[in-house]
Each structure stands twice: as structure tokens, then as C-alpha cells.
Amino acid sequence: MYWHNGQVVDSVSIADRSFQYGDGCFTTILTKYGHIQHWHYHRERMEACLEHLGIIPPDWKPIYDALKDIIAQDDKAGVKLHVSRGCGGRGYSPTQHLQANVTLHPFEYPEHYRQWRISGLSLGVCTQKLGINPLLAGHKHNNRLEQILLKGEMDRVGYPDGVCLDLHDCVVETTMANLFWVKGNTLYTPNLQNAGVEGVARRIILQSASTLGLTVNVGNFPLELLYQADEVFISNALLEVAPIINIASQSYTIGTYARFFQEIFDS
């Protein structure tokens with residue numbers, strides 16, 4: 001569905017700047033039995049990106065009300081909240097007075113995510129690299145061409161997902177999720193100041209780590225350090241947490257911390 005200023009229509013204008021330039025941001029939200037999960041965090045990440053892009057944020061109350069009206073009542077489902085700068089203007093200049101356009105798109109929960117959460121999944125290592133882009137790093141803006149290229153690479157070699165490195169060969173994330181690993185009593189996750197997306201699930205994991213007795217180390221790490229992990233898992237808002245059973249030829253045991261974090265999201 002397309003939702004704009006309280007109206008539901010069935011088309012989006014070709015003049016919308018998200019279509020023209022990828023000018024906007026989005027977030028993907030998990031719902032459980034018709035209840036929106038972590039709405040406050042999703043709204044905060046959208047507000048941070050909109051402020052960074054200089055887009056006047058929409059009124060969130062009618063959007064939240066519309067979300068409640070359209071989401072499925074299934075045990076799990078998803079909805080994508082997408083905001084663009086709006087329609088108008090010719091060229092890159094964002095200085096025209098525009099009103100943000102909002103789209104809401106409900107969808108069924110990906111069934112393979114259920115199996116990944118139980119049995120884990122394998123990762124490849126992308127040969128293509130993420131660019132260094134501190135201007136947009138951390139934000140889930142509407143231009144995801146790097147992720148499309150890297151996911152296409154993994155599709156061609158038969159992996160469901162892959163580890164993404166930056167131009168300095170530091171681990172960043174996977175094509176679809178944030179990346180974590182545990183060594184001893186330390187939880188490692190990459191610094192996302194130069195590339196990557198700061199996910200809602202990532203935020204929850206970092207906030208919860210101390211309750212499990214873990215020291216958190218956020219930094220710039222080479223792939224070799226990841227290979228030495230005791231256990232590895234990934235996170236995003238829909239998947240929440242899923243263990244990794246191997247990265248290329250390096251195998252891992254499904255560990256207790258992945259299960260602990262799953263319980264935190266399930267509680």
C-alpha cells in the first residue's frame with residue numbers, strides 16, 4: 001500500500017525523489033501477533049537519518065496508527081516504513097520546499113528465517129568491498145546498491161549471505177545483517193563509522209551484553225580475528241538473532257550466547 005498524508009493510493013509518482021535519486025531512508029519492522037516490535041527505536045533511527053539528510057520528518061502518530069491498521073495478526077510478519085523527500089525539483093538540489101512521502105508495505109515473515117534461527121546459516125566472504133563513506137555510514141538510506149552488488153555475488157557462489165569488508169579489509173557487516181562474534185568473555189562487533197548500517201537489533205544486543213557478563217569491543221577488525229571466534233551470530237530487526245555455522249571453510253559451533261540473545265528478543 002502507499003500511504004501519504006492519511007490517504008491510501010495505489011501508485012507512487014515518477015517524480016518522487018526516492019525513485020529519482022534514492023533520496024530518503026527506510027526501516028524494516030518486525031510484528032508479532034499484530035504488535036509492532038521496538039517502534040521507539042525504529043522511529044529514532046528514522047529521525048536521525050531524516051535530520052542528517054535535511055528532510056522534514058512526518059507526523060509519526062498517524063503513521064503509527066496506520067501501521068497498526070495494516071499489519072498482519074500472524075505470529076510474525078513484517079512491514080517496511082519508507083520515507084522520501086517528496087516530489088519535485090530537477091537535479092540533485094534538495095532546496096525545493098517539499099513534503100515527505102511515506103509508504104508502508106506489510107509482508108509475510110520469511111519462512112527461511114525460522115530455520116536459520118534454529119539451525120544457523122553459512123556465510124561466504126565478499127570479494128567486492130564496501131566503500132569508505134563516513135557521510136552516510138550507519139544510516140539506512142534508500143540507495144542500497146553496494147548491498148545489491150555484494151548480495152548478487154553471494155547468490156552466484158551459493159551462499160545465503162556474506163561477510164562484507166571495507167576498502168581497508170576491515171569487517172563491517174553482512175549484506176543483510178549486523179555481525180557479532182564472541183571470544184572468551186568478549187563480544188566483538190565492527191565499528192560502523194565509515195560503512196555499514198546501525199541496526200535496531202544491534203542496538204538491543206549491545207545494550208543487553210553486560211547482563212550476560214560480556215565485555216563489548218567495538219572496533220576495526222580484520223577477517224582473521226573473526227575466524228578465531230568461539231561463536232558467531234548475525235542480527236537484524238526481522239531475523240533478530242541467528243547463529244553462524246561456518247564462514248567459507250571455517251566452521252563454528254552454535255554457542256550459548258546466540259541462544260541467550262534469542263531469548264532476550266523472545267521475552
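Fair warning: this is a prediction, and the values are worked out from it, not measured in the lab.
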Enquirer: Ring-plane angle category for W39 and Y64, please: parallel below 30°, perpendicular beyond 60°, tilted otherwise.
Expert: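 It falls in the tilted class, 30° to 60°.
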Enquirer: How about T174 and D161: does a side-chain donor come under 3.5 Å of a side-chain acceptor?
Expert: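 Yes, because at least one side-chain N or O of T174 sits under 3.5 Å from a partner of the opposite role on D161.
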Enquirer: Counting only N and O atoms by type, is there a donor-acceptor contact under 3.5 Å from the side chain of E146 to the main-chain atoms of G131?
Expert: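 Present.
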Enquirer: Kindly indicate, with the supporting measurements, whether the criterion side chain to side chain contact (heavy atoms under 4.5 Å, CB included) is fulfilled by T215 and N185.
Expert: CA-CA 6 Å; T215 300; N185 292 320; 5.6 Å; no
Enquirer: Under 3.5 Å, is there a donor-acceptor pair between the N246 and S251 side chains?
Expert: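 Short answer, no.
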Enquirer: When you measure from the side chain of Y227 to the backbone of I247, do you find a donor-acceptor pair of N or O atoms at a distance under 3.5 Å?
Expert: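 No, Y227 side chain to I247 backbone: no donor-acceptor pair under 3.5 Å.
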Enquirer: Does the Lys NZ or Arg CZ of K80 fall within the cation-pi geometry relative to F107 - under 6.0 Å from the ring centre and within 45° of the axis?
Expert: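 No cation-pi geometry.
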Enquirer: Taking the six-membered ring for Trp, are H52 and H139 parallel (under 30°), tilted (30 to 60°) or perpendicular (over 60°)?
Expert: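 Parallel: the ring planes of H52 and H139 meet at under 30°.
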Enquirer: Can a salt bridge be assigned to the pair R156 and E153 using a cut-off of 4.0 Å between side-chain N and carboxylate O?
Expert: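 No, R156 and E153 are not salt-bridged.
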Enquirer: Using the rule given for side chain to side chain contact (heavy atoms under 4.5 Å, CB included), can you reason through L136 versus L53, listing the C-alpha separation, both sets of side-chain angles and the distance that settles it, and then say yes or no?
Expert: CA-CA 9 Å; L136 292 172; L53 296 175; 4.2 Å; yes
Enquirer: Do the side chains of E240 and R117 get close enough for a salt bridge, i.e. N-O under 4.0 angstrom?
Expert: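 Salt bridge between E240 and R117, a charged N being under 4.0 Å from a carboxylate O: yes.
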Enquirer: Using side-chain heavy atoms (C-beta onward) and a distance below 4.5 Å, is V241 in contact with F180?
Expert: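 No, their side chains stay 4.5 Å or more apart.
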Enquirer: Testing F233, Y257, F221 for ring pair (Phe, Tyr, Trp, His ring centres under 6.0 Å) with W181, which one passes?
Expert: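 With W181 as partner, F233, Y257, F221 yield a single ring pair (Phe, Tyr, Trp, His ring centres under 6.0 Å), made by F221.
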Enquirer: Just by modelled atom types, is the I36 backbone N or O under 3.5 Å from a matching donor or acceptor in the T31 side chain?
Expert: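 Checking the backbone N and O of I36 against the side chain of T31, no donor-acceptor pair under 3.5 Å is found.
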Enquirer: Does the R85 side chain pair with the main chain of S18, one donor and one acceptor, at a distance under 3.5 Å?
Expert: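 No, because the side chain of R85 does not come within donor-acceptor range (under 3.5 Å) of the backbone of S18.
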Enquirer: Under a 3.5 Å cutoff, is there a donor and acceptor pairing between the side chains of Q262 and R259?
Expert: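 Short answer, yes.
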Enquirer: Can you check whether V197's main-chain N or O pairs, donor with acceptor, with K140's side chain at less than 3.5 Å?
Expert: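 A pair under 3.5 Å: no.
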